[in-house]
K.L.:
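First the structure, then my questions, so here it is.
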Amino acid sequence: MDTFEQEPSREQKIWQVVAAIPEGSVASYGQVAAMAGLGRQARFVGRALGRLPGGHSIPWHRVIRSNGQIAFGEGTEARQLQTEKLRMEGVEVIKGRVRMKDFQWQP
DNA sequence: GCAATGACACTCG
DNA sequence: CCGAGTGCCATTG
């Protein structure tokens, strides 16, 4: 029973913010963290998404580093998938990085 | 209970 | 442009 209650609210907040990112835009971990009320806790966002089980329906591919780079290492399936998804939504991905200046989500 | 790790961010040189 | 150091917090051995 107590095996499914790891972290309450914080994750929920993150999911909300990530789910609120419009198509064709991207947000950095720090940005999501700030909007979720976590301040600089970007790591919490990353860990939250990474440890998240299936069935969450969260567009994790719209979340990248503050620097515009894809969070995953080169040669990983996840990175390829994220790149493809972003391109499919109209986001230009050059060498695994995005032009934040033009695609960063501005609330 | 401590040490190491991790889908990060920021500053400095 | 890139490397190194620091902070922040939860998970895992």
Side-chain angles (χ1 to χ4, degrees):
Chain A
M1 300 313 185
D2 3 56
T3 59
F4 63 93
E5 282 254 27
Q6 286 146 66
E7 350 259 317
S9 45
R10 281 198 245 274
E11 271 194 340
Q12 295 287 331
K13 204 74 176 192
I14 293 170
W15 304 339
Q16 290 245 345
V17 177
V18 177
I21 303 174
E23 294 181 10
S25 299
V26 293
S28 63
Y29 292 91
Q31 205 177 344
V32 173
M35 288 180 201
L38 304 174
R40 278 299 216 339
Q41 257 36 31
R43 287 195 150 183
F44 201 96
V45 178
R47 191 189 60 76
L49 295 176
R51 298 238 56 97
L52 230 51
H56 44 52
S57 307
I58 303 300
W60 55 270
H61 58 265
R62 285 183 203 147
V63 185
I64 57 181
R65 291 193 182 181
S66 61
N67 170 51
Q69 291 194 273
I70 304 293
F72 303 97
E74 290 180 43
T76 58
E77 301 274 327
R79 199 199 94 139
Q80 291 281 342
L81 187 62
Q82 183 167 23
T83 304
E84 295 290 300
K85 282 176 173 279
L86 289 174
R87 280 183 176 169
M88 193 166 69
E89 297 197 347
V91 179
E92 217 173 332
V93 184
I94 311 298
K95 289 174 167 50
R97 59 203 297 177
V98 180
R99 248 180 278 181
M100 299 294 284
K101 207 183 163 169
D102 294 328
F103 294 107
Q104 186 165 66
W105 178 37
Q106 301 165 75

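Chain A is the first sequence line, chain B the second, and so forth, proteins listed ahead of strands; every chain is numbered from 1. What you are looking at is a predicted structure, and each value in this text was computed from that prediction instead of being measured.
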K.L.:
Under the 3.5 angstrom rule, does the side chain of R87(A) hit a backbone N or O of V93(A) as a donor-acceptor pair?
P.N.:
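Confirmed, R87(A) side chain pairs with V93(A) backbone.
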K.L.:
Tell me the interatomic distance from E11(A), atom CD, to dA7(B), atom C1', rounded to whole angstroms.
P.N.:
13 Å
K.L.:
In whole angstrom, what separates R65(A)'s CZ from dC1(C)'s C1'?
P.N.:
15 Å
K.L.:
Choosing from dC10(B), dT11(C), dA7(B), which nucleotide comes nearest the side chain of R51(A)?
P.N.:
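In terms of side-chain proximity for R51(A), the closest of dC10(B), dT11(C), dA7(B) is dT11(C).
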K.L.:
Atom CZ of R40(A) and atom P of dT6(C): how far apart are they, to the nearest Å?
P.N.:
17 Å
K.L.:
Would you say I14(A) and I58(A) make side-chain contact, with heavy atoms under 4.5 Å?
P.N.:
no
K.L.:
Kindly indicate whether the side chain of Q31(A), heavy atoms from C-beta on, has any atom under 4.5 Å from the side chain of P107(A).
P.N.:
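Yes, side chains in contact.
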K.L.:
Side chain of Q82(A), backbone of V63(A): donor and acceptor closer than 3.5 Å?
P.N.:
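It does hold such a pair.
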K.L.:
Measure from CG on N67(A) to C1' on dC1(C) and round the result to the nearest Å.
P.N.:
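Taking CG of N67(A) and C1' of dC1(C), I get 11 Å after rounding.
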K.L.:
Below 4.0 angstrom, which residues in residues 99-107 of chain A have at least one non-hydrogen atom near DNA chain B?
P.N.:
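Correct list: empty, so none.
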K.L.:
Mind checking whether H61(A) and L86(A) have side chains closer than 4.5 Å, heavy atoms only?
P.N.:
yes
K.L.:
Quick one: does NZ or CZ of R99(A) land under 6.0 Å from the six-membered ring centre of F103(A), within 45 degrees of the ring axis?
P.N.:
no
K.L.:
Less than 4.5 Å apart, side chain to side chain, heavy atoms only: is that true for S25(A) and R62(A)?
P.N.:
no
K.L.:
Taking the side chain as C-beta and beyond, is there a heavy-atom pair between F72(A) and T83(A) under 4.5 Å?
P.N.:
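They are not in contact (no side-chain heavy atoms under 4.5 Å apart), so the answer is no.
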K.L.:
Below 3.5 Å between N/O atoms, which protein atoms pair up with nucleotides 2-6 of chain B? Just atom names and distances, please.
P.N.:
{"unit_1": "dG6(B)", "atom_1": "O6", "unit_2": "R43(A)", "atom_2": "NH1", "d": "3.1"}

K.L.:
Is there a residue in residues 19-39 of chain A whose heavy atoms reach under 4.0 Å of DNA chain B, and which residues are they?
P.N.:
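Per residue number, the list reads S28(A), Y29(A), G30(A).
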K.L.:
Find the distance between CH2 (W105(A)) and CE (M35(A)) and round it off to the nearest 0.5 Å.
P.N.:
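Between atom CH2 of W105(A) and atom CE of M35(A) there are 5.0 Å.
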K.L.:
How long is the gap from CD on E11(A) to CZ on R47(A), to the nearest 0.5 Å?
P.N.:
6.5 Å
K.L.:
Measuring from atom CD of E84(A) to atom CE of M88(A), what distance do you get when rounded to the nearest 0.5 angstrom?
P.N.:
8.5 Å
K.L.:
Nearest whole angstrom, please: distance from the P of dA10(C) to the CD1 of I14(A).
P.N.:
11 Å
K.L.:
Which nucleotide wins on minimum distance to the side chain of R97(A), given the candidates dC10(B), dC1(C), dA7(B)?
P.N.:
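From the listed options, dC1(C) comes nearest.
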K.L.:
If you only use heavy atoms from C-beta on, which nucleotide in dA7(B), dC8(C), dT12(C) is closest to the side chain of W60(A)?
P.N.:
dA7(B)
K.L.:
Which listed nucleotide (dA7(B), dC8(C), dA9(B)) is nearest to the side chain of Q41(A)?
P.N.:
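Ranking dA7(B), dC8(C), dA9(B) by closest atom to the Q41(A) side chain puts dC8(C) first.
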